[in-house]
Amino acid sequence: MKRSFDLIVQQDLTLLVYDKSPHYDNIRLSIQRFSMLVKHPVGIHTFRMSPITLWNAAAIGMKSDEVISALEQYASAPVPMKVKQDITLWMDRYGLFTLEGEEGSDILLLRCRDVHVLSRMMQDGEIGLLISGKLAEDCVIVQPKNRGRIKRDLARAGYPIIDRVGYREGERLSFSLADPADEGKGRTFSLRSYQQEAVQAFIGSETLPGGDGVVVLPCGAGKTVVGIGAIAALQSETLILTSNATSVKQWKAELLRKTTLREDQIGTYTSTEKEVRPITISTYQMMTFRRSDEDEWIHMRLFHERNWGLLIYDEVHLLPAPVFRTTADLQAARRLGLTATLVREDGCEKDVFSLIGPKRYEQPWKSLEKEGWIATVHCVEVRVDMEEETHERYLAASEREKARIAGENEQKELVVNRLLERHASAPTLIIGQYLNQLRTLSERLRIPLMTGETPQQERERLYQQFRSGELRSLIVSKVANFAVDLPDATIAIQVSGSFGSRQEEAQRIGRVLRPKSDGREAYFYSVVTDRSKEQEFARKRQLFLAEQGYTYDVMKGEGIYEVESVENDDA
């Protein structure tokens, strides 16, 4: 017999899930394929379906009746007819428009199964300008130069396009993955089963075409390896864009270690060296650099320097607007996005969907944890009070100032000290948002600090000391949110963050997700000022991880060794 509150489906496409239901884990795994968690107070968790979540479900082969069946399986009351109609409406729109033609041809054909919708789109003030003529009631002409723009604009209008136009092969690049027999040469490598599945989902099959799209895997699960597998499968010259210079070095090192590519075949395009080679690795910062707001982005030409067959966007959720615009002109090259979360705080998920491609593959974090591919992580929210003087200043401050005052709460230092004592032998990262706060902690705790101002050579030295065990603790700013290869990091202490960023929370827990050689478990502590604006932001930050099945225990700062059950009220 079902509980009265296992799952309630509401007419506005929100799903209310009873978090103490014996079926909760199964419900979450089922509905997260086509919905997103938006609230998680104790008792009832709220998920929401949207056009983009339903299109992504359709892109990986789900049908509307499968989504409706999944809801009916667990719903404690009949699924409203309006919800069934909306699910069918949005999922049927995926594939309503198809773009056809041959790569290199003078025209592309945009077909639509509904001639009335096509007629309406032709009359649209912006979309109509991208259409060059009409061949039939259900078919119009699009110029190849407008391939990306019409995909973006139609998706924004609520009509995603399935792009069946071919891709250019790019300049051929012959190499292979390192043979496991080369172990004695330090070049042993093979793809894990889920990494092979991800590569295949991107490349495509007879039933599910690929060639573009996004692979979603947690930090530490080997997204770089998926990218390398895709390059090897396509055997074509590739441009890789990533988040920072440290990541550029890591990509190059992984390519050299895991393939037969030579060093002279891999170029790095950064502020210090600008090598354009068959495999070229650069950063989003380089692509968007310009001397003034009026100048051109001088490095965007890198996109056209060679006949790239594949573009890889690492940490695709960070893709900046200028790169989106350039990507719209690069639809003839295959595009692979890699990310731990499709969440974008700027609301540009539809642009990722239309210009990079739909979600092709995703693995639940807890499934990979269960199989031992990522570490088991305990999440703890540590709540601290404010001194009376600080509290008075907090009450008199503006809303934005309140967030900073709470984030820089001096009482957090005591908590950090206690946590360092508690995990004295464990490699620990202390991560924060505010540089003054981090400098103070660095001076008082006598722990090295790394920020955006730290020279790259010094960063590499600190990373190496941490990896070798010479350095047991390291304080880092936002520079360590992404692409930091510190596999032995076991404890992460977050002392402040970027307001309610779900992306950042997912990336920061990723610093401790790599499986440990001795199998030990990891801890992610988020130190939050109690009854403050920061606590409200913390609830939002935790949404994505809660969706993946993580729960936060709560402890008060003064009772740091005694863990209580989490009790979050909805913000």
Side-chain angles (χ1 to χ4, degrees), residues 59-60 167 169-183 185-243 247-262 265-266 277-281 308-316 333-340 356-365 367-368 371-374 483 485 487 510 513-515:
I60 60 174
Y167 300 98
E169 292 302 316
E171 199 68 32
R172 185 161 179 79
L173 177 64
S174 297
F175 72 98
S176 63
L177 298 177
D179 192 323
D182 289 346
E183 183 172 5
K185 303 173 186 176
R187 290 161 59 89
T188 176
F189 169 66
S190 60
L191 270 67
R192 299 167 184 168
S193 58
Y194 66 86
Q195 292 167 338
Q196 292 172 335
E197 292 169 4
V199 171
Q200 185 59 53
F202 169 70
I203 298 299
S205 63
E206 291 184 4
T207 55
L208 286 175
D212 64 356
V214 180
V215 169
V216 184
L217 288 171
C219 303
K223 294 188 293 295
T224 301
V225 171
V226 172
I228 292 171
I231 301 170
L234 295 173
Q235 295 283 292
S236 66
E237 296 196 355
T238 300
L239 173 62
I240 303 166
L241 295 182
T242 189
S243 55
S247 182
V248 169
K249 291 179 179 293
Q250 290 174 2
W251 267 93
K252 182 174 181 178
E254 287 291 274
L255 283 162
L256 290 172
R257 185 161 52 242
K258 292 180 167 60
T259 74
T260 60
L261 287 165
R262 303 185 309 272
Q265 293 176 298
I266 304 172
R277 292 178 180 169
I279 302 287
T280 299
I281 314 163
W308 309 116
L310 174 63
L311 305 174
I312 295 180
Y313 299 89
D314 196 13
E315 311 291 4
V316 71
R334 289 178 172 86
R335 301 165 308 285
L336 170 61
L338 301 171
T339 185
I356 307 301
K359 178 173 65 178
R360 295 295 181 188
Y361 186 83
E362 182 175 19
Q363 268 286 350
W365 293 32
S367 297
L368 294 178
E371 294 174 14
W373 295 121
I374 59 176
D485 184 18
L513 271 180
R514 293 189 183 277

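What you see is a predicted model, and the numbers here were worked out from it, not measured in a lab.
Considering only residues two or more places apart in sequence or on other chains, K249 meets the salt bridge (charged side-chain N to carboxylate O under 4.0 Å, His left out) condition with none of them. Considering only residues two or more places apart in sequence or on other chains, R360 meets the salt bridge (charged side-chain N to carboxylate O under 4.0 Å, His left out) condition with D212. E237 meets the side-chain hydrogen bond (donor to acceptor under 3.5 Å, both in side chains) test with R306; sequence neighbours excluded.
Scanning all heavy atoms of the two residues, the minimum distance from L338 to K223 falls at CD1-O, 3.4 Å. R172 and S174 make their closest contact through NE-OG, 3.8 Å (heavy atoms, listed as atom of the first residue, atom of the second, distance). Across every non-hydrogen atom of G372 and P515, the tightest pair is O-CB, 3.9 Å. Of all heavy-atom pairs between V199 and A230, the closest is CG2-N, 4.0 Å. Closest approach of Q196 to L191, counting heavy atoms only: CG-CB, 3.5 Å. For the pair A340 and P218, the tightest heavy-atom approach, listed with the atom from each and the gap, is CB-CA, 4.3 Å.
Residues L255 and I240 meet the side-chain proximity criterion, which asks for heavy atoms closer than 4.5 Å. The closest side-chain heavy-atom distance from F202 to L310 is below 4.5 Å. Looking at W251 and I279, their side chains never come closer than 4.5 Å, going by heavy atoms from C-beta outward. At least one side-chain heavy atom of R335 sits less than 4.5 Å from a side-chain heavy atom of Y167. For the pair I203 and L234, the minimum side-chain heavy-atom distance is below 4.5 Å.
Remark: side-chain polar atoms of Q363 are not paired, donor with acceptor, to backbone N or O of V216 under 3.5 angstrom. Side-chain N or O atoms of Y194 include none that pairs as donor or acceptor with a backbone N or O of W373 at under 3.5 Å. For the pair T260 (side chain) and S176 (backbone), a donor-acceptor distance under 3.5 Å is present.
The NZ atom of K252 sits 11.5 Å away from atom CG of L261, with the distance rounded to the nearest 0.5 Å. Atoms CD and OG1, on Q265 and T280 in that order, are 11.5 Å from each other to the nearest 0.5 Å. Here the CD1-CG distance, from I231 to L177, works out to 10.0 Å after rounding to the nearest 0.5 Å. To the nearest 0.5 Å, atom CG of residue D314 and atom OG1 of residue T224 are 5.5 Å apart.
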Check the pair Q195 / V226 against side-chain contact (heavy atoms from CB on, under 4.5 Å), numbers first and verdict last. CA-CA 6 Å; Q195 292 167 338; V226 172; 4.0 Å; yes
Using the rule given for side-chain contact (heavy atoms from CB on, under 4.5 Å), can you reason through L217 versus L368, listing the C-alpha separation, both sets of side-chain angles and the distance that settles it, and then say yes or no? CA-CA 9 Å; L217 288 171; L368 294 178; 4.2 Å; yes
Run the side-chain contact (heavy atoms from CB on, under 4.5 Å) test on L311 and L241 for me, step by step, so that the C-alpha distance in whole Å, both residues' side-chain angles and the decisive distance to 0.1 Å come before the verdict. CA-CA 8 Å; L311 305 174; L241 295 182; over 6 Å; no
Assess whether side-chain contact (heavy atoms from CB on, under 4.5 Å) is satisfied between T238 and L173, documenting all intermediate values. CA-CA 9 Å; T238 300; L173 177 64; 6.0 Å; no
